[in-house]
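Below: one structure, written as C-alpha cells.
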Amino acid sequence: MLGLDRRDLTLFIVVLLLALFAPFLLNPFPADSALAQFNAGYPDLMQRFVIFGIFAIGFNILFGLTGYLSFGHAAFLGVGSYAGVWMMKLLTMNVIPAILISVLFAGLLSLLIGWISLRRSGIYFAILTLAFAQMCYALAYSVLTPITGGETGLQLNLDDPRILGVSQTAEGNIPVPHLFGLEMNQTWDLAMGGWEFTFSAGYYLAAVVMLASFYLAIRLFRSPFGMMLRAVKSNQQRMNYTGLNSRPYTLAAFVISGMYAGLAGGLMVSMDPLAGAERMIWTASGEVVLMTILGGAGTLIGPVLGAGLIKYLENILSKINKGVLEQWFAFMPDGIDSFLVTIVYPFVGKGWHLTLGIIFMLVVIFLPGGLVEGAQRIGRLFRRERKPAAPEDPEHHPKPQPHVGE
Amino acid sequence: MDVIILQILNGLDKGSAYALIALGLTLIFGTLGVVNFAHGALFMLGAFCAVTLNRLLTLSFTTVDETRTDFLGNPAKVETPYVEAWFGPEVGGWMIEWSVPLAILFAIPIMAIIGLVMERGLIKHFYKRPHADQILVTFGLAIVLQEIIKFYYGANPIPTPAPDAFKGSFDFGVLLGFDPLTIMYPYWRLVYFLFAMVVIGAVFAFLQFTTFGMVVRAGMADRETVGLLGINIDRRFTIMFAIAAIVAGLAGVMYTPILSPNYHMGMDFLVLSFVVVVVGGMGSLPGAVLSGFLLGILQSFASMPQVIAVLPGINQIIIYLVAIVILLTRPRGLMGRKGVMEE
C-alpha cells in the first residue's frame with residue numbers, strides 16, 4: 001500500500017497513530033497530580049516535537065545516507081523563517097504561501113551553499129558549511145538588519161501591507177496565522193476524569209506536514225536514488241570508478257535536506273510569526289546533529305525520536321528548579337536530601353545543557369548508532385536465546401549486510 | 001601609512017590568539033589525527049584559571065578595626081586578603097595585582113593534567129573512529145566543559161585586570177618617527193603579542209632541537225615505522241596533546257585582560273580557529289601560525305570605517321569568505337602538505 005513494503009507500512013502507521021494520539025499519549029498524568037510537570041501534551045511543545053522532527057528527518061537524508069556532516073543546517077531553517085515572516089507581512093496570514101516560500105528560499109540557499117561546499121568532503125565540508133552558516137548569521141545580525149530585524153528579530157507589525165489579508169483586525173490587533181480561516185493557535189480542551197487533553201489546530205497541521213515528509217523520506221530511502229546516496233557513503237571512490245558522477249546525487253540530497261529545514265522554519269513561523277538570527281547560530285546546527293545522532297543516523301525513525309527526546313528533555317529538565325528538587329527528596333533524612341539536591345541541581349534547570357552534553361557524549365562513545373541501535377541490540381539479546389548464531393563461514397562467502405536504513 | 005601600521009598592530013592580538021589556538025589544533029591533528037572540537041573549551045578553561053587564581057589570591061578574612069568607623073558610626077570592618085597577611089601587604093598586594101601573569105604558572109600544571117586526562121580518558125578511544133565521530137564527541141565534551149564553567153562562575157563575563165604597570169596605552173608611532181598620538185597601542189596587547197611569539201618559538205624549538213621533538217616529528221611523518229623501531233610513540237603523542245592543551249590554556253590566561261572571560265568565549269574562538277587551521281593547511285604548524293596572524297590582521301583591516309563604508313558588514317564575514325575562497329582554490333591551504341586529509 002502507498003508504495004511501501006510491509007515493514008515500512010507498519011512503521012508509517014505507527015508514526016501516524018503516535019502523531020494522531022499524541023495529545024493523549026503525552027499526557028499520561030492527571031492535571032493536578034505531582035507528576036503533571038512531566039506531561040508534554042501541550043500545543044507549544046508538541047509543535048516543537050514535530051517541527052524539529054521534520055528538521056532532523058531532512059538532516060538525516062544528507063548525513064544518514066551520504067555521510068556528509070553539515071554543521072550549517074540551521075542557516076536554512078533561519079532563512080526559511082525569515083522568508084515565511086516576510087510572506088505574512090506582505091501577502092497574507094494564510095500559512096500555505098508562507099510555508100511554500102520558506103521551502104523555496106531554503107532550497108535556493110542550499111543550492112548555492114551545497115554547490116560550493118560539496119566540492120570538498122569530510123572535515124573540509126563540515127567547516128565550509130559551518131563557515132557559510134556563520135556568515136549568514138553574522139549578516140543577519142548586522143548588515144541585513146533592514147530585512148532581518150537584526151538583534152530584535154523580525155516581527156509582524158500593525159502597518160504591514162498584507163495585500164490579500166488585513167493589516168489589522170477589527171479590534172486593532174495583529175491578525176493570527178491561519179489555514180483558510182482555521183487559526184493556528186485555536187485549541188479544543190477535553191477533560192476526562194482528572195486528565196485534561198488539549199487539541200491544537202497548529203499541532204495537527206504540523207503533524208500532517210511531518211507525516212507527509214516522513215512518508216517522502218521513506219520513499220526516498222527505498223528508492224534507487226537513496227541507494228546511490230548510500231553508495232556515496234560506503235565508497236565514493238569506487239562509485240566514481242564505475243563511471244558515476246556522485247556530485248549531482250549529493251547536491252540533490254543537500255538541497256532536499258535544506259528544503260526540509262526550510263519547511264521546519266516555515267512551520268515555526270506559522271505557529272509563532274517571528275524570526276530571529278539566533279535560529280541560525282552554529283550551536284543550533286549542532287543541535288540538529290545531536291538529534292539525528294541520538295536517535296540513530298541513517299535510520300528512518302531515529303531522527304524523529306531524537307528530536308522528540310531532546311525537545312522533551314529541554315522542556316522538562318529546564319523547568320525543574322531547586323524548589324522542585326527539594327520537594328522530591330523531602331522524604332529522605334535531613335542531611336541526605338540536601339546532599340542529593342546539591343548533586344542533582346547542576347544537571348537540571350538552567351544547567352540542562354550539561355545533561356544534554358553528557359548524554360550526547362555517552363551515545364557517541366557507546367552507541368554510535370543511537371537509540372535505534374540500542375533497541376536493536378536489546379532485541380538481539382532476546383532473540384539469541386531462541387536461535388543459534390549463524391555457523392562460521394570459513395570460505396568467506398559474502399554475508400548479507402543489514403541496510404543502513406533499517 | 002600610520003593607518004596601515006595601526007591596523008596591523010590592532011590585528012596582532014587577535015591574530016596571536018588565533019595562532020596559538022590553531023597551533024594547538026594542528027599539533028593534535030598532526031600527531032593523533034584527531035579533530036578536536038573541544039580545543040576552544042581548553043582556551044576558555046585557561047582563561048578561567050586566571051579568574052580562579054585571582055579569586056584565590058583575593059580570599060580575605062574580615063577584622064574589626066576599632067580605630068576607624070564607617071559611615072554609620074559602627075567600627076569599620078576591614079577585609080584583608082590572606083596573602084597580604086601571610087607575605088606582608090607589599091608582596092601580597094603585588095601578587096594580587098600581578099595575578100594574571102602569575103596565573104601562567106598556575107595554569108601550566110592544571111592544563112597539563114586536563115590534557116592528559118582528556119587524551120587518555122576519551123580521545124584515545126577515537127583514534128580509529130571516523131572524523132565525524134571525533135568531531136561529535138569533542139563537540140559534546142566542549143558543551144559539558146562550558147556548562148560546568150557556567151554553573152560555577154555564572155553566565156556573565158568576569159573582568160580580570162592586567163597589572164597596573166601594563167594598563168593604558170603608549171605612543172608607538174613616536175618610536176617609528178610619526179607624529180605623537182597618531183599610533184596609540186595598549187601595553188597589554190603588545191605584551192600578549194610578545195608572549196605569543198615566545199610560546200610559539202618555544203614550541204617550535206622544542207620540536208626542532210630536542211630528541212623528544214625529533215621523535216614526535218618522525219611520528220607525525222610515519223607513525224608506524226617509528227613504532228616499529230621500538231619507540232612508544234603513543235605516549236609521546238599523549239604528551240604532545242598535553243602541550244597543545246597548555247598552549248591553548250596559556251593563550252586563554254593572557255587574553256583575560258583583553259576580553260573578560262565568559263563561558264562561551266571558547267566556542268566563539270573555536271570556529272574561527274578551525275577556519276584558521278584550514279586556511280593555513282591542515283597539519284602544517286607554520287601554516288597555522290602564519291594564517292592566524294594573517295587573518296587577525298585582515299579582520300582588523302576589514303573593521304576600518306573606510307572599508308565598512310564601502311562594503312558594509314565585511315568585518316563580520318571576511319574570515320569566512322577568505323576560508324571559502326582558499327578551500328575552493330587551494331584545497332590544501334596556504335602551506336598544507338600533500339596527503340593530509342585527502343581520503
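Quick note: numbers below take in every heavy atom, side chains included, and nothing from hydrogens, waters or symmetry partners. Chain A is the first sequence line, chain B the second, and so forth, proteins listed ahead of strands; every chain is numbered from 1.
Here I123(A) contributes atom CD1 and F29(B) contributes atom CZ; the two are 6.5 Å apart, rounded to the nearest 0.5 Å. One distance of note links CG of L272(B) with CG of L130(A); it measures 9.5 Å at 0.5 Å rounding. With values rounded to the nearest 0.5 angstrom, L136(B) atom CG is found 11.5 Å from L294(A) atom CG. In this structure, CD1 on I116(A) lies 6.5 Å from CD1 on I324(B), to the nearest 0.5 angstrom. Here the OH-CE distance, from Y320(B) to M135(A), works out to 10.0 Å after rounding to the nearest 0.5 Å. Annotation: the span from E147(B) atom CD to F347(A) atom CZ amounts to 11.0 Å, rounded to 0.5 Å.
More than 12 heavy atoms of other residues, nucleotides or ligands shown are found within 6.0 angstrom of CZ on F241(B). The local environment of OH in Y249(A) is sparse, with at most 12 non-hydrogen atoms from other residues, nucleotides or ligands closer than 6.0 Å. By the neighbour-count criterion of 12 heavy atoms within 6.0 Å, atom CD of E224(B) is sparsely surrounded, having that number or fewer from other residues, nucleotides or ligands. Crowding of Y127(B) atom OH: a count of heavy atoms from other residues, nucleotides or ligands under 6.0 Å exceeding 12.
Only the side chain of L270(B) comes within less than 4.5 Å of a heavy atom of chain A; its backbone N, CA, C and O stay farther away. Only the side chain of I127(A) comes within contact range of chain B, judged by heavy atoms closer than 4.5 Å. For L141(B), the parts sitting under 4.5 Å from any heavy atom of chain A are the backbone and the side chain alike. In this structure, the portions of I317(B) lying under 4.5 Å from any heavy atom of chain A include both its backbone and its side chain. Neither the backbone nor the side chain of L145(B) comes within contact range of chain A, judged by heavy atoms closer than 4.5 Å. With a threshold of 4.5 angstrom between heavy atoms, I365(A) approaches chain B through its backbone and through its side chain. For a residue to count as touching a neighbouring chain, one of its non-hydrogen atoms must lie under 4.5 Å from one of that chain's; by this rule Y152(B) does not touch chain A. Within the 4.5 angstrom heavy-atom criterion, no atom of L362(A) approaches chain B. Heavy-atom distances place both the backbone and the side chain of V364(A) under 4.5 Å from chain B.
Taking each heavy atom of R129(B) and P368(A) in turn, the nearest pair found is NH2-CG, 3.4 Å. Shortest non-hydrogen contact noted between M361(A) and V137(B) is CG-O, 3.8 Å.
Between F139(B) and W282(A), the ring planes are tilted. Angles from 30° to 60° get that label.
For the pair L356(A)/I143(B), no side-chain contact is recorded, criterion being any heavy-atom separation below 4.5 Å from C-beta on. Two residues are said to be in side-chain contact when any heavy atoms from C-beta on lie closer than 4.5 Å; F71(A) and F274(B) fail this criterion. Contact annotation: the side chain of V271(B) approaches that of Q134(A) to within less than 4.5 Å [non-hydrogen atoms, C-beta and beyond].
Most heavy-atom pairs under 4.5 Å with chain A, from the set I319(B), I135(B), D133(B): that is I135(B).
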